[in-house]
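Remarks on the structure that follows.
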Amino acid sequence: MGTEMVDFLSCCSPPRVAACRRATSNHKVKETVALELSYVNSNLQLLKEELEELNSCMDVYQNDSDSISVPMIPLGLKETKELDWAEPLKAMRTPSRNEAGLELLMEYYSQLYFLDNRFFPPNKNLGLFFHWYDSLTGVPSAQRALAFEKGSVLFNIGALHTQIGARQDRTTLQGVDCAIGAFQKASGAFNYLKENFSNAPSLDMSAASLNMLVRLMIAQVQECVFEKVILLRAQSDFLTCLQLSQEAARVEEVYSLVYQTMTQAHVKDYVPFSWATMVHVKSEHFKALSHYYAAIALCDCPPGSDTDLPKHEKAFLPLHITPPQGLDLQLFLQDREERRKLGKAHLKKAIMRHEEAMRIHSLCKILRKMDILQEVLCFAHKCSLSKYSEIDHEEDFFETGDAPDIHPKTHQRPEIKSPNFSKVKVTDIFHRLGPLSVFSAKNKWHPPQTVRLVRGENGFGFTLRGDSPVLIAGVIAGGCAAEAGLKEGDYIVSIDGKDCKWSKHAEVVQLLKVAGEEGADVAVITLQYAEGQSMVGKKSSAMSSGPSRSLLKSNKENSRKTLVQRKGASALLAWGKRSKSGSGGGGSGSYNSLPFSTVRDNELAC
């Protein structure tokens, strides 16, 4: 938006123009102001439509072989500013729109676990802002909470799944299955975000928006299931047509639920008009298809044999929500004329719904540009008209009744697949700093202390325990270690300049054994434990932590310390995890070993 337009909108904003209109009693001035107000409103609407068109492009994901399928609704990724302090992570913030991009985002999300534990203390604010832009409106948001970064990356994982699903060629079984899997994973990412995070600073990650996105993904999965039935059932027999009719009714049902969600107060003004229109069009389109396939089953499929008749009766009985009254099912299925009458009523209703879908489609400028969508709607409408003309007889003097609605039913219900971060193996890029359980911002320790230890008659005078890093479990009074200032609970980080943070118990012992008469330079660190907390308690706490648990825990911790200090209504809300139990979604790393995971029963005295 140019500077001139911003100045124009600020000077001639609707509230200001309306105030000028109310302040005068001159009718000519009022008419002039009313005209200016209309002009401003029209310009605002045009700008809104242009922004919406930029943020909700759908036809770009369609290919030539997808002409029989209604286009899907993909979601754009959230944009972000680069972090100057995280140079090694920049490549993970611009993913490609494919499986490789998904793996990159999953790696980054898991890498945030290590960053959170290493550099973000629970009771101190580092003053680092994470900047993200709303996926639909482009409105910027900034928070100091690392949980905001995690949530935004998780949102992009879900959005990327929608783009992968929308790009599939759904005229093949493989393409349909890939689309089903992608949309189910997208719904899982959005649902996980909704259940584990709250008070989002941007509208796209609010509970209402995420709820809408989950339902939208489920609806698109159900649409793919309908397309899969068409591909699997090449022959149009009676049972197949009834199944297609109920599958289409199920798709209409879930899209109607999505449309109701999109028209709610907290979502209506945020969701693009093209999205709501597309969902409404699909709802009407699949309602028409449900009646069309019911008519095909009744009019084109011949009555079954005596062997097939029980199967036909069983399948036809639950077809309608309200079965036609006074109907002898067995006689009806064998009477071609009665079947034709009910089929004609279904076709009449199908044509009405097709025309309503086309009317709604014509109201949206963005959808009118989508040639594929228009072709699909027109083709379906022509098929219903053609079949109606075929079964309509000139001697029909009966009045075509209102066909009952089709009972929705599906053979494959969509699943919400939560993100599986354990599939992507991640190595801590700050691995050389040492194990997370000790060398992290969650702990406080004294600066490393290097002491010279010379072996005495009774050895060095201390006992060791644990791995990575090795702990001084006991110090013998009057020994060399005690005289050098070593204490129980110190961690050995190096011996004669060799880094020992990741060394095993036996390796440290061997380094001490090879020390000659001159002794060895041993560097240790001393953790500062909280008052009243024993080393055993600290040890137990370290052992119970892990990426999956800590990702959710750090979200809650960050929410207490990350309220952005801004005045007025623009202050951002702290954003953290809801207080509920649940499994974490943390990353799985190659280095998740804990310092006392293999504590030896017999301590080694040195």
Side-chain angles (χ1 to χ4, degrees), residues 45-77 97-98 136 159 162-176 178-180 182-183 216-217 219-228 230-231 244 248 251-252 255 258-259 262 271-293 350-387:
Q45 185 62 31
L46 289 174
L47 290 172
K48 182 179 179 181
E49 291 179 1
E50 289 176 4
L51 179 62
E52 180 181 311
E53 188 170 358
L54 290 173
N55 289 320
S56 59
C57 185
M58 288 174 275
D59 56 344
V60 68
Y61 295 99
Q62 300 303 311
N63 49 50
D64 295 337
S65 62
D66 218 3
S67 57
I68 67 169
S69 303
V70 181
M72 294 295 185
I73 302 178
L75 188 63
L77 270 65
R97 270 55 172 173
N98 50 31
L136 292 178
T162 69
Q163 297 185 11
I164 293 174
R167 288 183 176 185
Q168 300 301 318
D169 178 10
R170 304 198 309 279
T171 60
T172 65
L173 282 175
Q174 181 181 2
V176 171
C178 289
I180 289 175
F183 288 123
L216 176 60
M217 296 306 114
Q220 296 191 136
V221 171
Q222 200 68 66
E223 181 178 351
C224 292
V225 171
F226 169 79
E227 294 172 347
K228 185 176 181 178
I230 292 180
L231 293 175
L244 286 172
V251 179
E252 181 270 331
Y255 271 120
V258 177
Y259 183 69
M262 285 184 171
V271 173
F273 177 69
S274 60
W275 282 27
T277 305
M278 170 68 90
V279 169
H280 198 183
V281 167
K282 287 192 175 189
S283 175
E284 295 294 339
H285 173 68
F286 283 99
K287 188 176 184 66
L289 289 181
S290 68
H291 288 284
Y292 171 78
Y293 281 107
I351 293 171
M352 293 174 59
R353 299 270 62 86
H354 281 309
E355 292 174 349
E356 179 64 12
M358 296 171 68
R359 184 192 70 81
I360 297 171
H361 165 264
S362 65
L363 299 178
C364 181
K365 183 178 70 173
I366 295 176
L367 297 187
R368 288 199 302 268
K369 296 180 180 180
M370 299 175 63
D371 296 335
I372 294 177
L373 176 60
Q374 189 168 359
E375 289 175 4
V376 171
L377 296 178
C378 291
F379 178 77
H381 183 229
K382 289 179 180 178
C383 287
S384 295
L385 284 175
S386 175
K387 179 56 62 177

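Contact between Met358 and Cys378 at its shortest, heavy atoms only, is CE-SG, 3.9 Å. In this structure, Cys364 and Thr277 approach most closely via the heavy-atom pair CB-CG2, 3.8 Å. Taking both residues in full, the closest heavy atoms of Phe183 and Gln220 are given as CE2-NE2, 3.1 Å, listed atom of the first, atom of the second, then distance. In plain terms, the two heavy atoms of Arg170 and Cys224 that are nearest each other are CD-SG, 3.8 Å. Of all non-hydrogen atoms in Arg353 and Ala288, the two that sit nearest each other are CB-CB, 3.5 Å.
Atom CD1 of Ile230 sits about 12.0 Å away from atom OG1 of Thr171, to the nearest 0.5 Å. Here Leu136 contributes atom CG and Leu75 contributes atom CG; the two are 6.0 Å apart, rounded to the nearest 0.5 Å. With values rounded to the nearest 0.5 angstrom, Asp169 atom CG is found 9.5 Å from Gln174 atom CD. The structure places CD of Gln168 at 12.0 Å from CD of Glu227, a figure rounded to the nearest 0.5 Å. Within the model, atoms OG of Ser384 and NZ of Lys382 stand 12.5 Å from one another, a figure rounded to the nearest 0.5 Å. One finds the CE atom of Met72 at 9.5 Å from the CE atom of Met278 (value rounded to the nearest 0.5 Å).
Checking side-chain atoms of His361 against main-chain N and O of Leu367 turns up a donor-acceptor pair under 3.5 Å. When atom types are taken as modelled, the side chain of Glu284 and the backbone of His354 share no donor-acceptor pair closer than 3.5 angstrom. Side chain of Arg368 to main chain of Gln374: no donor-acceptor pair is present (N/O by atom type, distance under 3.5 Å, no hydrogens or angles). Formation of a donor-acceptor pair under 3.5 Å by the Ser386 side chain with backbone atoms of Cys383 is not found in this model. A distance-only check finds a donor-acceptor pair linking the side chain of Lys282 to the backbone of Pro71 [under 3.5 Å].
The salt bridge (Lys or Arg N to Asp or Glu O under 4.0 Å) check on Arg359 picks up Glu356, with sequence neighbours excluded. Partners of Phe286 according to the ring pair (Phe, Tyr, Trp, His ring centres under 6.0 Å) rule, which considers only residues two or more places apart in sequence or in another chain, are Phe226. Lys228 meets the side-chain hydrogen bond (donor to acceptor under 3.5 Å, both in side chains) test with Asp177; sequence neighbours excluded.
By the 4.5 Å heavy-atom criterion applied to side chains, Ile351 and Leu385 are counted as neighbours. Looking only at side-chain heavy atoms (C-beta outward), Trp275 and Val258 stay at 4.5 Å or farther from each other. Leu216 is listed as a side-chain neighbour of Val279, based on a closest heavy-atom distance under 4.5 Å.
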Next item on the list: Go through the steps for Leu373 and Val70 under the test side chain to side chain contact (heavy atoms under 4.5 Å, CB included), then give the verdict.
Entry: CA-CA 6 Å; Leu373 176 60; Val70 181; 3.7 Å; yes
Item checked: His285/Glu223 under side chain to side chain contact (heavy atoms under 4.5 Å, CB included): CA gap, chis, key distance, verdict -> CA-CA 11 Å; His285 173 68; Glu223 181 178 351; over 6 Å; no
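A 6.0 Å sphere centred on CE of Met352 holds no more than 12 heavy atoms belonging to other residues, nucleotides or ligands.
Side-chain N/O atoms of Tyr255 and Gln222 include no donor and acceptor closer than 3.5 Å.
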